[in-house]
Amino acid sequence: MNTRKIKLALTVGLLNNSNSSNVLNKIREMMSTFKEAGAYIGSQLIGKDVLNPAIVRRSYAIKFEHCIVDLELVANPHTNSQHVQGFRLRNR
C-alpha cells in the first residue's frame, strides 16, 4: 500500500474541501478511490473531550479492509462546524 500517496491525497482533499460539513463522509469518499485501502467497514468514536462549552474534540477510527484512518476533529456544537486537527493512516 502506498501510504504516502494516500496521505497526500487526504491532506489535499481536506484542504480543498474545508467547508465540508461532514468530514467523516468526505474521508470515506476519498478513500474509496484507493483500491489498496479496501472496502469501507465502519467508523467508531474512540474518544470525546469537552475543552470548553463551545469546543469539543472527538477521536474517530475509520476502518477499511486494509487500513485504519485515525482522525482528530475539533467541533463547535453550536455552529455545527468541524475542523480536522490531524489524522494518521495505519495498516491493519
Side-chain angles (χ1 to χ4, degrees):
M1 177 183 322
N2 190 349
T3 57
R4 187 175 181 188
K5 179 180 169 185
I6 295 172
K7 286 179 185 179
L8 180 62
L10 283 176
T11 302
V12 171
L14 290 171
L15 285 172
N16 288 337
N17 295 306
S18 61
N19 60 356
S20 178
S21 62
N22 195 339
V23 177
L24 293 174
N25 284 339
K26 186 63 184 170
I27 290 177
R28 189 175 90 193
E29 289 172 11
M30 287 188 288
M31 290 293 289
S32 69
T33 62
F34 296 102
K35 301 298 180 198
E36 59 258 359
Y40 173 73
I41 296 174
S43 61
Q44 180 180 9
L45 179 65
I46 302 298
K48 179 179 175 182
D49 298 322
V50 178
L51 302 177
N52 66 40
I55 300 175
V56 177
R57 181 175 55 210
R58 293 185 180 111
S59 302
Y60 291 95
I62 306 168
K63 298 178 183 178
F64 296 89
E65 284 180 324
H66 305 294
C67 64
I68 297 173
V69 178
D70 294 322
L71 178 68
E72 296 285 330
L73 281 180
V74 177
N76 184 335
H78 302 296
T79 62
N80 292 326
S81 63
Q82 297 178 341
H83 301 283
V84 176
Q85 187 175 17
F87 70 90
R88 190 180 82 167
L89 182 69
R90 59 187 166 107
N91 293 328
R92 287 191 81 164

Exercise for the section: Mark yes or no for whether Glu72, through its side chain, and Gly86, through its backbone, hold a donor-acceptor pair below 3.5 Å. Expected result: no
Problem - Gln44 and Ile46, any side-chain heavy atoms less than 4.5 Å apart - result: yes
Completion exercise
Tightest non-hydrogen contact, residues Met30 and Ala9, listed as SD-O, 4.1 Å
Problem - Spatial distance of atom CG (Asp49) from atom CZ (Arg58) [nearest 0.5 Å] - result: 10.5 Å
Practice task
Scan for ring-ring contact (aromatic ring centres under 6.0 Å, His included) pairs involving residues 59-81, sequence neighbours excluded, and state none if there are none.
Solution key: Tyr40-Phe64
Exercise for the section: Begin from the C-alpha positions of Leu10 and Met31 and carry the test side-chain contact (heavy atoms from CB on, under 4.5 Å) through to its verdict. Expected result: CA-CA 8 Å; Leu10 283 176; Met31 290 293 289; 3.9 Å; yes
Handout entry: Connected-component partners of Leu51 among ILVMFWY, side-chain separation under 4.5 Å
Key = Ile55, Val74
Exercise for the section: Using the test salt bridge (Lys or Arg N to Asp or Glu O under 4.0 Å), find all partners of Arg28 that sit at least two apart in sequence or belong to another chain. Expected result: none
Practice task
State, to 0.1 Å, how close Lys7 and Phe87 come at their nearest heavy-atom pair, and which atoms those are.
Solution key: O-CZ, 3.8 Å
Handout entry: side-chain contact (heavy atoms from CB on, under 4.5 Å) partners for Ser32, two or more places apart
Key = none
Handout entry: Greater than 12 external heavy atoms within 6.0 Å of Arg92's CZ
Key = yes
Handout entry: Val50 reachable from Leu45 in the ILVMFWY side-chain graph, under 4.5 Å edges
Key = no
Practice task
State the NZ-CD1 distance between Lys63 and Ile41, to the nearest 0.5 angstrom.
Solution key: 8.0 Å
Practice task
Output the distance between atom OG1 (Thr3) and atom CZ (Arg90), rounded to the nearest 0.5 Å.
Solution key: 13.5 Å
Exercise for the section: Go through the structure and list residues passing side-chain contact (heavy atoms from CB on, under 4.5 Å) with Asn80, not counting sequence neighbours. Expected result: none
Handout entry: ILVMFWY cluster membership beyond Val12 - transitive side-chain contacts under 4.5 angstrom
Key = Leu8
Practice task
Evaluate the criterion side-chain contact (heavy atoms from CB on, under 4.5 Å) for residue pair Ile6 and Glu36; output intermediate values, then yes/no.
Solution key: CA-CA 10 Å; Ile6 295 172; Glu36 59 258 359; 3.9 Å; yes
Problem - Cys67 to Leu89 - nearest heavy-atom pair and separation - result: SG-CD1, 3.9 Å
Exercise for the section: Answer yes or no: is there a side-chain heavy-atom contact under 4.5 Å between Leu24 and Gln82? Expected result: no
